[in-house]
Every structure is written in C-alpha cells, then in structure tokens.
Q: 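Attaching a single structure in structure tokens format; questions to follow.
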Amino acid sequence: MSATVRVVAHPNIALSKYWGKAKRDGNFPAVPSLSVTLAGMATFTTVRFVEGLADDQVSLGGTPMTAGLTKVTALLDTVRAAAGIAHRAEVDTANDFPTGSGLASSASGFAALALASVRAAGLDWDATRVSGLARAASASAARSLFGGYVELPFGAEGARPVATKESFPLRVLVCVATEEAKKVASTEGMTTTAATSPYYAAWLEEAPRVHERLRSALLADDFSSVGALAESSALMMHASALAAGVVYVKGVTLDVLATVRELRAKGTEAYATMDAGPHVKVLVRPADAAKVHDVLAHVPGVLRMLTTEPGDAARVVDEGA
Ligand code: PMV
C-alpha cells in the first residue's frame, strides 16, 4: 500500500475567463485566463493506492461518486503510468461549499486530486507539472495549484503565479443563488457555444486582449481597471454562451448585477463576475466589503453569502505511511 496523503486545495475565480477548448488533444483552453485563488472555501482530498482493489473507489462527501468518475480514473491512470504503479486508489474528497453549481468545485477538486495522487505515488513533481496534470482533467483546476493571482497562458501545460495574495488586496463576496448542481456542465456548455454561437469568434478574438489588459492592471495595482475588465470578461463569456442557448444566469443573477451597478453609480466600487452557474461573485476593496455585503445580502433570491479573500496554493496537510 502507498502512503496516505491528504491535501487541501481552494477554488479559484477567473477574473479573465476561459471559455472554449483549443483544437488539440489534452484539454487545452482556447484562450488564456487569470484567476484568484480563494481562501474561505476548500476541498479536502485523501488518496492512497491499495493492493487488491478491483477499481478506483472514489467518495465525494461520504457518498460513492458516480458522475465524473471517468476524469478521476484518467487522472489516476496518468499518475500510475508515471510512477509504475498498478494498484487502484482509494479517494475520499469533500467540499465545504456547494458542489458542481458554478462555485468552482471542479477547480479545487481536481487540483487536490492531482496533488494528493502525485504525492501518494511518490512522484517528486513540481507544482507546474502537477498543474498540467490537473489541467488535463479540468483546465480551471490548473490554477488552484498556486496561491494568490494565477495565470494559465494560452497553450501552456500548467498555470503559473502572477502576483502574491498580499500584492493586490481584494475581497470576493460570493452571492449563493442555489445549492443545486448545474444542469449543463461547463465542458458541454463550451462545446455548444463553440459549435453554435454566432458570437464565439468574437469571444476568441476579444478574450486574449481583455486578459492582457487585466494582467497589466493587476500588476499596476489598478483596482478599478481590474474590476471593470473582470466584469466585462464575464459578460462577454456569458453573451457568447447565451447566443448559443447556454443559459447559466437566473433572475437573481441579473438582480445582483443590477445592484452592483447601482452601488457603482452611487460611488462604491464593486464589480461582478459569474461562471458556469447563477452565483455572482462581487469584487470589492477590503474596506468596502462589510457595506457591500449588507446590501447584497438583501437582494431577494440570494440564499446566503460567503466572504472570501485571496488564498494559498494547494498543499499537503497530512502524509502518513
Ligand atoms: O475548467 P472548467 O471545466 O471548470 O471550466 C471553467 C470555466 C469557467 O469557470 C466559466 C471560467 C474559468 O476560467 O474558470
């Protein structure tokens, strides 16, 4: 039996979004992306390779996992091939936030699985290589291997850190709009968008420009530009998806967006971003977090709110024999 390795990884929220796959094998994004890894939400994953198991045994939140098992097994197969291990694995994973509803559980989930399985197999891979392994399963997961602000450049195997969590103070207020899993997985949403959206070509052209500008604004400590560019990246991504009939927003999503814009009109800088789900994540300066939280918590349909901030890289928390 291998070592038992327990890992924690945090989700990340893309400020400049990835949407769509490159035309090559291996799950490479069609556009670059830049994210912030978030403290305050976490996935804990334990992996060990066990002699005599017939199949990989994966549990999510204490329940045997069924959906998404193919990607898990594919990742474990890559690790087994690299380490020369034949044994199947026991994987226990749990999120302390809603799973599969656009709160980036696949990002923290596959980041945690990649790091835990690499270490359990005794492989001495650096974070970039582990990030590449995570990317092959879920491209956003590549970014959760690192803390602070992280970029997945176009065509890169793995993500790389861009700025430390201290360098750009931020609070991300997550407005939880549902506790349910989404109906259209992100890969399916992307495939439909690429195949049928009349706006997909415009997205492919515009996303890298927004990405570059956002990266420069981040490094220049320009909060207003980072916020404005993050909001337009999200709106462009959703516009291209909406035009293909891929609808992740709900009424509450648009109500929160409208409230964020009202706040801005009245002089409080808040910016909205949404992923493949109805939740809105609102970017504010730390000093404005409490005030904006109070306003958004009263928007009808917001079930609850999480206040998060830039967090740390995925890391091993326990390594037993
Ligand atoms: O890597 P996936 O399949 O979790 O897709 C992520 C897509 C978005 O969250 C919408 C954008 C992003 O860059 O994280």
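Start at 1 and go down the list; that is how both ligands and their atoms are numbered. All values below were derived from every heavy atom in this structure, side-chain atoms included, with hydrogens, water molecules and symmetry-related copies excluded.
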Q: Apart from V317 itself, what residues make up its hydrophobic cluster, given side-chain heavy atom links below 4.5 Å?
A: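 Listed partners: V8, F44.
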Q: Are E212 and R209 close enough for a salt bridge, meaning some N to O gap below 4.0 Å?
A: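 Salt bridge flag = no for R209 with E212.
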Q: Do you see a donor-acceptor pair shorter than 3.5 Å between the side chains of T37 and N12?
A: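 No, N12 and T37 have no side-chain donor paired with an acceptor closer than 3.5 Å.
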Q: Without hydrogens or angle criteria, can the side chains of T193 and W19 be said to hold a donor-acceptor pair below 3.5 Å?
A: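 There is such a pair between these side chains.
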Q: Taking non-hydrogen atoms within less than 4.0 Å of ligand 1, which protein residues qualify?
A: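 For ligand 1, the contacting residues are A14, K17, Y18, W19, S106, S138, A139, S140, R143, S186, M190, M237, D275, A276.
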Q: Do T45 and V91 come close enough that some side-chain heavy atom pair is under 4.5 Å?
A: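 Heavy-atom side-chain distance check passes, below 4.5 Å.
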Q: Do K17 and T273 pair up side chain to side chain, a donor and an acceptor below 3.5 Å, judged on atom types alone?
A: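 On atom types as modelled, these side chains qualify, holding a pair under 3.5 Å.
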